[in-house]
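Structure first, commentary second.
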Amino acid sequence: MNSDVIRLLPDSVANQIAAGEVIQRPASVIKELVENAVDAGATAIQIILKDAGRTLIQVVDNGCGMSPTDARMAFERHATSKISSATDLYSLHTMGFRGEALPSVAAVAQIDLRTMRHDDTIGTRLLISESKFESQEPASCVPGTNLMVKNIFFHMPARRKFLKKDSIELSHILREFERLALVNTNIDFTLIHNDVTLHQFRAGTLKQRIGALFGKNLESQIAAVSTETSLVKIDGFVGLPRFAKKRGAQQFLFVNGRNMRHPFFHKAIMKCFEQLIAPDSQPSYFINFEVDPSTIDVNIHPQKHEIKFEHEQAIWQILEAAIRETLGKTQAAGALDFDFNDAPDIPVFDPAAEAAMAMPKEDFDDAFNPFKAAPAEEPAQHASASSAGISWRPSAMNRPAQDWDKLYESFNTRRESAYNEQPAAIPDEPEIFKVEADSPTCMQLQNSYIVTGTHSGLMVISQRRAHIRILFERYSAMLAEGRMASQTLIFPEDLEISASQGALLTELLPKLEDMGFGLTPDTATRWSIKAVPAPLASVNSAELLVSLIAEAESNPSAAESLSRPLAAAMARSAAIKAQQPLSAREAEAIVADLFRCAEPSYTPDGLPVMTLIATDDIVSRLNPAQ
């Protein structure tokens with residue numbers, strides 16, 4: 001009996017296993033191909049998609065191109081021009097280095113490659129299917145590389161069926177494209193999907209690229225961050241605190257031209273905003289780190305998103321200081337913008353000029369008193385007018401008051417009586433319970449809580465949270481039954497979102513219209529809100545829609561069940577306030593409706609609605625001393 005059980009896997013199987021780590025969806029293919037184009041020195045990259053990448057992913061660049069031999073070798077596992085020894089891993093200046101991207105792509109799709117170097121007169125064309133070379137022949141093409149990836153996962157039905165709908169996959173592609181475009185601002189980018197140009201950027205600054213991707217309004221909502229030390233150079237932008245969002249904030253970290261996720265540095269940034277924004281809000285930020293390549297390790301994740309820093313703690317402190325400085329400057333001086341060219345000249349104070357600047361003295365008639373009664377005879381200055389036969393009488397406006405003391409008589413009387421009046425007595429204890437004589441079972445405590453007795457003790461209910469739970473279940477039932485009543489807005493509201501969010505919103509549009517929203521697209525990143533569900537007439541509908549889109553982004557399965565977050569938003573909008581007085585009948589109605597709910601103890605957000613003070617606790621507190 002043969003006892004050997006370990007065997008070498010075939011190359012085709014090994015390639016598919018490795019491809020599963022690198023290529024997860026069409027967005028992964030775009031990331032790998034664009035990074036290869038960047039490493040090739042391209043200054044213009046064009047991405048062409050069909051059916052969100054299922055049918056075609058084509059990346060065209062004007063980089064250095066490849067020779068026929070290099071084009072053939074590029075699809076061998078661990079064949080790369082980026083490094084030659086293990087020590088090169090600690091001085092990386094390229095995006096790729098493992099030699100796994102192209103073999104992994106070739107293992108899950110059909111490849112059509114055309115490439116030519118700038119000094120050559122003819123290029124080469126290479127066809128690969130399922131990691132098998134089909135042909136290679138000379139071809140006429142422009143300098144650079146044109147790589148087409150067709151029918152991804154065509155021979156792997158199990159992998160292909162796990163791909164989401166085109167709108168979901170396109171949103172993933174657009175988010176990956178945003179990261180690539182932000183980190184490579186010196187490159188022209190074009191993105192075309194199903195013959196429609198979604199993005200077309202020219203090389204520029206980071207701030208210009210941010211505005212092109214997320215809307216020009218964002219350019220005025222961010223402040224520059226810049227500092228340089230012997231360990232790290234940090235530059236980029238952070239959002240101003242007043243523009244922080246509850247959902248959908250743009251947050252990007254880069255190191256040496258590479259995208260990364262770093263929870264440690266994210267925590268440092270959030271710490272700077274602790275006292276400036278609400279706890280449930282998030283600021284936008286676009287921060288780039290430049291460090292010595294030997295002080296970071298990018299080889300700890302197949303997709304190279306996670307980076308290990310040698311001096312994390314020191315960089316934390318530098319990052320925190322830089323952001324606090326920026327926020328301090330913008331908060332203190334950013335609100336006012338003076339134009340010093342048009343500012344008035346302020347003279348320098350000179351004590352010697354005091355006398356020259358003194359007020360000129362006028363001769364006043366001390367005998368003149370406007371509050372004295374006017375003389376019976378005519379004024380002397382009008383004697384000539386009287387002698388001329390003209391009758392002169394002082395007008396009512398010019399005539400002084402005859403009884404000036406009587407004018408203040410009643411005022412003085414009221415003032416003296418007010419001084420002598422004693423203030424009203426202040427009760428020793430405020431009236432915190434309000435009880436109706438006809439319904440004494442429920443009481444209101446401090447206009448915020450409903451107190452009622454039970455067989456176990458005393459129950460205290462938050463009236464607002466209880467009402468939120470009641471309305472949530474009521475609106476959920478209405479949304480489940482059919483179309484929600486809609487309220488047309490007098491003035492449409494503008495909704496600014498990213499292109500990836502716009503693609504997802506297009507997919508969600510029929511569902512949102514059934515819920516009562518009226519939306520029309522103006523551009524890929526700007527929509528008009530013309531109607532909202534009737535209970536949301538007084539709510540910031542743009543912020544609500546962003547939160548709904550973010551909910552669908554974070555949980556694709558929730559895209560079909562947006563009724564829950566919408567019902568919760570409507571309930572929070574229409575619920576009574578925390579400080580609203582209630583009659584005993586109203587309080588009893590809330591208690592009765594609450595205990596008809598499926599989950600009366602918690603709000604849709606998981607907050608407790610009520611608490612119970614046990615009878616034993618009351619007895620122990622009031623038990624007389626033995």
Side-chain angles (χ1 to χ4, degrees), residues 165-168 170-171 215 217 245-248 280-281 464-577 580 589-590 593-594 596-599 603-605:
K165 295 183 295 185
D166 284 359
S167 60
I168 304 296
L170 181 60
S171 67
N217 290 339
K245 302 177 181 179
K246 293 185 178 180
R247 303 291 294 270
D280 58 346
S281 297
R464 173 167 172 79
R465 293 181 182 180
H467 203 207
I468 289 175
R469 165 51 69 176
I470 295 167
L471 294 179
F472 170 74
E473 296 202 1
R474 187 177 302 169
Y475 292 144
S476 296
M478 294 172 63
L479 290 170
E481 291 175 358
R483 190 178 180 88
M484 172 70 70
S486 182
Q487 174 68 49
T488 302
L489 301 179
I490 299 177
F491 301 104
E493 295 185 20
D494 290 333
L495 174 64
E496 286 279 353
I497 53 178
S498 63
S500 60
Q501 292 175 324
L504 186 56
L505 181 57
T506 303
E507 177 70 21
L508 299 174
L509 191 57
K511 180 73 173 177
L512 292 173
E513 288 178 344
D514 290 341
M515 292 178 175
F517 286 98
L519 301 167
T520 56
D522 297 331
T523 64
T525 59
R526 180 185 291 270
W527 290 64
S528 292
I529 307 173
K530 297 184 177 180
V532 296
L536 292 176
S538 60
V539 174
N540 188 335
S541 52
E543 183 176 335
L544 173 61
L545 280 170
V546 170
S547 66
L548 293 177
I549 296 171
E551 183 80 17
E553 280 183 317
S554 60
N555 185 12
S557 61
E560 300 298 331
S561 59
L562 291 178
S563 56
R564 178 179 175 83
L566 180 60
M570 291 190 294
R572 286 190 294 267
S573 171
I576 60 176
K577 304 305 178 184
Q580 181 172 330
I590 289 178
D593 291 342
L594 176 64
R596 293 191 190 101
C597 295
E599 181 54 68
T603 66
D605 300 324

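What's counted below: heavy atoms across the whole structure, side chains too, no hydrogens, waters or symmetry copies. Since we're looking at a predicted model, the values are computed, not measured.
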Report yes if the side chains of [X] and [Y] come closer than 4.5 Å at any heavy-atom pair, otherwise no.
X    : Y    : answer
E513 : L519 : no
W527 : L509 : yes
S486 : V532 : no

Working to the nearest 0.5 angstrom, can you tell me the gap between [X] [atom1] and [Y] [atom2]?
X    : Y    : atom1 : atom2 : result
S528 : E493 : OG    : CD    : 10.0 Å
E496 : D522 : CD    : CG    : 9.5 Å
R564 : L479 : CZ    : CG    : 12.5 Å
C597 : R469 : SG    : CZ    : 6.5 Å
R474 : R596 : CZ    : CZ    : 10.0 Å
L594 : R465 : CG    : CZ    : 12.5 Å

**Asked** Is a donor on one side and an acceptor on the other found under 3.5 Å between the side chain of R526 and the backbone of D494?
**Response**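 No: the side chain of R526 does not pair with the backbone of D494.
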**Request:** Compare every heavy atom of E473 with every heavy atom of E599, then report the nearest pair and how far apart it is.
**Result:** N-OE2, 3.4 Å
**Message:** Show the nearest heavy-atom pair for residues F472 and P604, with the distance to one decimal.
**Reply:**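 Shortest heavy-atom contact: CG-CG, 3.3 Å.
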**Asked** Should L512 and L545 be marked as a side-chain contact (heavy atoms from CB on, under 4.5 Å) after you check the CA-CA gap, both sets of side-chain angles, and the distance that decides it?
**Response** CA-CA 9 Å; L512 292 173; L545 280 170; 4.1 Å; yes
**Prompt:** Would you call K511-D514 a salt bridge at under 4.0 Å N-O?
**Reply:** no
**Prompt:** Could you go step by step and tell me if R572 and R464 meet the side-chain contact (heavy atoms from CB on, under 4.5 Å) rule?
**Reply:** CA-CA 9 Å; R572 286 190 294 267; R464 173 167 172 79; 4.3 Å; yes
**Prompt:** L505 and L495: side-chain contact (heavy atoms from CB on, under 4.5 Å), yes or no, with the steps?
**Reply:** CA-CA 11 Å; L505 181 57; L495 174 64; 4.0 Å; yes
**Asked** Any chance NZ of K530 has more than 12 other-residue heavy atoms, nucleotides or ligands included, within less than 6.0 Å?
**Response**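 No.
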